[in-house]
Amino acid sequence: MHNGHQHPLTKMIAEINSIFSEIGFVFAEGPEAETEHYNFDQLNFPKDHPARDMQDTFFLRHEDVKEPTVLRTHTSPVQARFMESHKPPIRVIVPGKVFRNEATDATHQAQFYQLEGLYVDKGVHMGHLKGTIEYFFSKFFKGDVEVRFRPSFFPFVEPGVEIDMMLKNSDSKLANKWIEIMGAGMVHPNVLRNCGIDADVYTGFAFGMGIDRLGVMKYGVDDVRNFYSGDLRFVNQF
């Protein structure tokens, strides 16, 4: 009989946890059916933000649901819950399943896995974010990595950035190419205050990326839907 093995997504999540644990990050998780309060309000989303629209988010309607509830659109609500129940310094990663109401194709899924990271302490700055991301990518992709920031906007960070990476000194097909990989930034003071943390004393960074996308890059997968197809011809390659 053939021995069993981990699914590639499970394998990647275990590797991600291992890498971040080396630099003091702990694992956290939270509910996939999340209140609108934690999914949007605590994260500084305006009431009229388009992410709240029915065409973008799966809202849950049931007589037993006492407050507006959604299938979480990102894993950031776990960060908010963690900050409410823990005092700084905080270093946490949150790999988990998220849901978006969008068309499915080779690069998009209505359900996928995301990785969030959060570090809150006195004196945290963008240099800490850059160093953390470079360390993770160099370990995960097993090569020298260069990272660059481009200004961007997300409601829960200020300033916000898009992060590109370039893998160097590697035999990978990705080597020596700039690839857009994730969004990140310094945690917005409003988010810290919403969670009971003094924004005049503490600062922090947060980042988020798709684990499926990391798998496409790491293993050369040409269609993200393969991770969810249940096709053993694909899964058994891992």
Side-chain angles (χ1 to χ4, degrees), residues 10 13-47 49 51-52 57-60 62 64-100 111-126 128-129 131-133 135-136 154-158 160 182-211:
T10 304
I13 290 172
E15 184 177 0
I16 289 166
N17 285 337
S18 176
I19 293 171
F20 276 103
S21 69
E22 295 172 1
I23 50 176
F25 283 75
V26 299
F27 170 85
E29 58 185 349
E32 294 176 2
E34 185 58 274
T35 64
E36 191 175 14
H37 172 73
Y38 281 107
N39 198 79
F40 294 123
D41 297 337
Q42 287 292 79
L43 299 171
N44 202 43
F45 279 81
K47 293 294 185 182
H49 194 281
R52 296 177 184 254
T57 301
F58 294 108
F59 279 82
L60 301 179
H62 193 274
D64 293 333
V65 177
K66 304 303 182 184
E67 57 183 308
T69 303
V70 301
L71 292 179
R72 66 183 183 191
T73 59
H74 47 185
T75 46
S76 299
V78 182
Q79 296 183 16
R81 289 179 177 274
F82 197 90
M83 283 190 285
E84 283 185 348
S85 58
H86 295 77
K87 295 180 179 180
I90 293 170
R91 291 181 184 174
V92 61
I93 58 165
V94 186
K97 193 183 298 181
V98 299
F99 308 85
R100 305 273 176 86
Q111 167 203 291
F112 56 97
Y113 279 83
Q114 192 176 58
L115 169 68
E116 295 275 338
L118 174 72
Y119 176 29
V120 178
D121 202 353
K122 295 177 181 178
V124 176
H125 54 73
M126 293 288 271
H128 294 124
L129 170 61
T132 300
I133 295 305
Y135 178 82
F136 168 67
F154 306 97
F156 36 84
V157 291
E158 179 60 38
M182 64 191 294
M186 300 301 294
V187 179
H188 199 292
N190 289 345
V191 175
L192 294 175
R193 295 188 189 103
N194 289 343
C195 297
I197 294 176
D198 190 340
D200 295 325
V201 176
Y202 296 100
T203 55
F205 68 70
F207 59 83
M209 67 188 98
I211 297 177

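Considering only heavy atoms from C-beta on, Pro31 comes within 4.5 Å of Arg81 through its side chain. With a 4.5 Å cut-off on side-chain heavy atoms, Val187 and Val124 do not count as touching. Two residues are said to be in side-chain contact when any heavy atoms from C-beta on lie closer than 4.5 Å; Lys87 and Ile197 fail this criterion.
Residues Asn44 and Pro155 approach most closely at ND2-O, 2.9 Å, considering heavy atoms. Shown here for Asn17 and Pro95, the closest heavy-atom pair between the two residues is OD1-CG, 3.8 Å.
At least one donor-acceptor pair under 3.5 Å links the side chain of Arg72 to the backbone N or O of Lys97. Proximity of a side-chain donor or acceptor of Ser18 to a complementary backbone N or O of Ala14 within less than 3.5 Å is not detected. When atom types are taken as modelled, the side chain of Glu116 and the backbone of Ala206 share no donor-acceptor pair closer than 3.5 angstrom.
Using cut-offs of 30° and 60° on the angle between ring planes, the pair Phe205 and Phe25 is tilted. By the 30° and 60° cut-offs, the orientation of the rings of Phe136 relative to Phe20 is parallel.
If you run side chain to side chain contact (heavy atoms under 4.5 Å, CB included) between Met83 and each of Val92, Val78, Val191, only Val191 comes through.
Partners of Thr73 according to the side chain to side chain donor-acceptor pair (under 3.5 Å) rule, which considers only residues two or more places apart in sequence or in another chain, are Asn39.
Between the CD atom in Glu32 and the OG1 atom in Thr75 there is a gap of 11.0 Å [rounded to 0.5 Å]. The NZ atom of Lys122 sits 11.0 Å away from atom OG1 of Thr203, with the distance rounded to the nearest 0.5 Å. The structure places CZ of Phe99 at 5.0 Å from CD of Gln111, a figure rounded to the nearest 0.5 Å. With values rounded to the nearest 0.5 angstrom, Leu60 atom CG is found 12.0 Å from Glu67 atom CD. Considering CE of Met186 and CG of Leu192, their distance stands at 9.0 Å, rounded to 0.5 Å. The structure places CE of Met209 at 7.0 Å from CD1 of Ile16, a figure rounded to the nearest 0.5 Å.
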Under the side-chain contact (heavy atoms from CB on, under 4.5 Å) criterion, do Asp121 and Tyr202 qualify, and how do the steps go? CA-CA 5 Å; Asp121 202 353; Tyr202 296 100; 4.3 Å; yes
Between Phe82 and Leu118, is a side-chain contact (heavy atoms from CB on, under 4.5 Å) present by the stated rule, with each step listed? CA-CA 10 Å; Phe82 197 90; Leu118 174 72; 5.6 Å; no
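For His74 and Phe154, the ring centers are positioned 6.0 Å apart or more.
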